[in-house]
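Keep in mind that this is a model prediction, so the values were computed, not measured. The basis for the numbers below is simple: all heavy atoms, side chains too, and nothing from hydrogens, waters or symmetry mates. Reminder, nothing fancy here: chain letters follow the sequence lines and each chain counts from 1.
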There are 2 protein chains.
Amino acid sequence: MKKSGEIINKLSEQGYRLTPQRMMILSAIEDGEGHISAEEIYAQVAAKYSRVNISTVYRTLELLKRLGLVTETDLGDGRLRYHPVGKGHHHHLVCTECGAIVDLGESVLSPVKDVLLREYGFIADLRHLAIFGRCANCSK
Amino acid sequence: MKKSGEIINKLSEQGYRLTPQRMMILSAIEDGEGHISAEEIYAQVAAKYSRVNISTVYRTLELLKRLGLVTETDLGDGRLRYHPVGKGHHHHLVCTECGAIVDLGESVLSPVKDVLLREYGFIADLRHLAIFGRCANCSK
DNA sequence: ATTCTTATTGAAACTAAGTGCATCTATAAA
DNA sequence: TTTATAGATGCACTTAGTTTCAATAAGAAT
Ligand SMILES: [Mn+2]
Ligand SMILES: [Mn+2]
Ligand SMILES: [Zn+2]
Ligand SMILES: [Zn+2]
């Protein structure tokens with residue numbers, strides 16, 4: 001239930017308060033395999049501290065997003081998924097027909113990132129993207 | 001208020017019923033500049049036929065999406081935006097700091113589309129993407 | 001340890017979008 | 001033209017996420 005040290009330090013440095021709610025939310029995000037939803041985070045936190053409110057979870061996720069500490073990704077089921085950036089960057093191919101999710105290295109999109117920076121001066125946030133389409137099985 | 005012919009034919013061919021609601025929803029989508037929201041479509045249709053229900057708008061959009069006739073894109077404000085594919089493919093850079101939206105040709109992402117098809121057999125739906133990040137102004 | 005300031009929280013209202021179900025109607029068959 | 005029927009609609013309800021605001025408490029100052 002530890003190892004949120006990296007994020008905690010960042011929050012503290014930037015003057016954000018380290019509330020018990022935030023600590024528990026961070027633990028929930030750092031444990032597990034990533035791709036956790038707000039509702040799942042809430043369930044984990046509420047199990048230990050039932051007075052927590054889910055809007056606090058949403059607000060904390062918003063903060064972590066804004067500070068660039070977690071990525072938010074729509075993987076096609078009805079809820080957004082969160083991933084700590086410290087755990088590495090990658091992408092996903094999501095089949096809209098069968099729901100299959102294939103993992104994808106960071107390299108596929110780095111050329112795009114480079115082009116956008118060079119030609120538009122735009123720093124694209126391409127750290128955990130879901131690309132929708134039809135997988136090999138479903139398109140034959 | 002016409003020119004929805006292309007989509008109407010497709011619907012009819014595929015055995016979907018041409019209800020007055022659908023016709024009016026199609027008109028709303030084809031008129032204007034694209035980037036229309038469900039609520040805006042509803043407002044336009046309701047002005048002429050006040051008994052329409054917004055769930056019909058959502059269901060029609062779902063259908064048109066599934067048939068590949070319109071694209072659905074999150075441009076960063078709280079509502080999804082719809083664009084008829086017949087009006088051409090392009091993308092957008094969305095600055096999460098100032099909200100600026102820059103248009104982007106189709107070509108920037110076609111190499112990605114090709115790589116995904118070649119290496120994964122995945123037919124990526126990259127027809128109207130919004131890429132988030134920080135624009136030139138906001139990052140200096 | 002106590003007080004102060006202000007960020008953060010919980011509660012509840014609110015929004016965009018999706019769903020279940022009874023009713024209705026576009027279309028094809030008679 | 002009338003009838004039959006499966007698809008589409010309207011309505012009420014649900015869900016994920018956001019916002020407002022009064023109450024609370026983290027962290028700094030004393
Ligand atoms: Mn992932
Ligand atoms: Mn566009
Ligand atoms: Zn598939
Ligand atoms: Zn900007």
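In the set D/dC21, D/dA26, D/dA12, the nucleotide with an atom closest to the side chain of B/Ser55 is D/dA12. Checked against D/dG10, D/dA6, D/dT19, the side chain of B/Gln21 finds its nearest nucleotide in D/dG10. Listed candidates were C/dG10, D/dG17, C/dT9. Nearest to the side chain of A/Leu80 is D/dG17. Closest to the side chain of B/Leu18, from the set D/dG10, D/dA26, C/dT27, is C/dT27. Of the candidates C/dG18, C/dT6, D/dC11, C/dT6 carries the atom nearest the A/Arg17 side chain, counting heavy atoms from C-beta on. Checking D/dT18, C/dT6, C/dT9 against every side-chain atom of A/Thr60, the shortest atom distance belongs to C/dT9. Listed candidates were C/dA11, C/dA17, C/dT5. Nearest to the side chain of A/Arg59 is C/dA11. Comparing C/dA17, D/dT18, D/dG10 by their nearest atom to the side chain of B/Ala38 picks out C/dA17.
Side-chain N/O atoms of B/Tyr58 include one lying less than 4.0 angstrom from OP1 or OP2 on C/dA17.
A/His90 and A/Glu106 share no side-chain donor-acceptor pair at under 3.5 Å. The closest side-chain donor-acceptor pair between A/Thr71 and A/His83, if any, does not fall under 3.5 angstrom.
B/Asn9 places a side-chain heavy atom less than 4.5 Å from the side chain of B/Glu13. By the 4.5 Å heavy-atom criterion applied to side chains, A/Val52 and A/Tyr42 are counted as neighbours.
Per the geometry, CZ belonging to B/Arg51 stands 15 Å off C1' belonging to D/dA8, to the nearest Å. Note: CD (B/Gln14) to P (D/dA8) measures 12 Å, nearest angstrom. A straight line from CG of B/Leu67 to P of D/dA8 spans 10 Å, rounded to a whole angstrom. Between the OH atom of A/Tyr16 and the C1' atom of C/dT8 there is a distance of 12 Å, rounded to whole Å. Taking atom CD of residue A/Glu39 and atom C1' of nucleotide D/dT15, one finds them 9 Å apart after rounding to whole Å. Whole-Å rounding puts the A/Asp77 CG to D/dG17 C1' distance at 14 Å. Rounding to whole angstrom units, CZ of residue B/Arg22 and P of D/dG10 are separated by 11 Å. Atom CG in A/Asn53 sits about 17 Å away from atom P in D/dA23, given to the nearest Å.
Using a 4.0 Å heavy-atom distance criterion, A/Tyr49 is classed as a sugar-phosphate-only contact. B/Tyr42 comes within contact range of no nucleotide atom at all, as no heavy-atom separation falls under 4.0 Å.
A/His91 contributes a side-chain N or O that, together with a main-chain N or O of A/Leu129, makes up a donor-acceptor pair within less than 3.5 Å.
Nearest-nucleotide mapping onto DNA chain C: of B/Thr19 and B/Ile54, the residue sitting toward the 5' end is B/Ile54.
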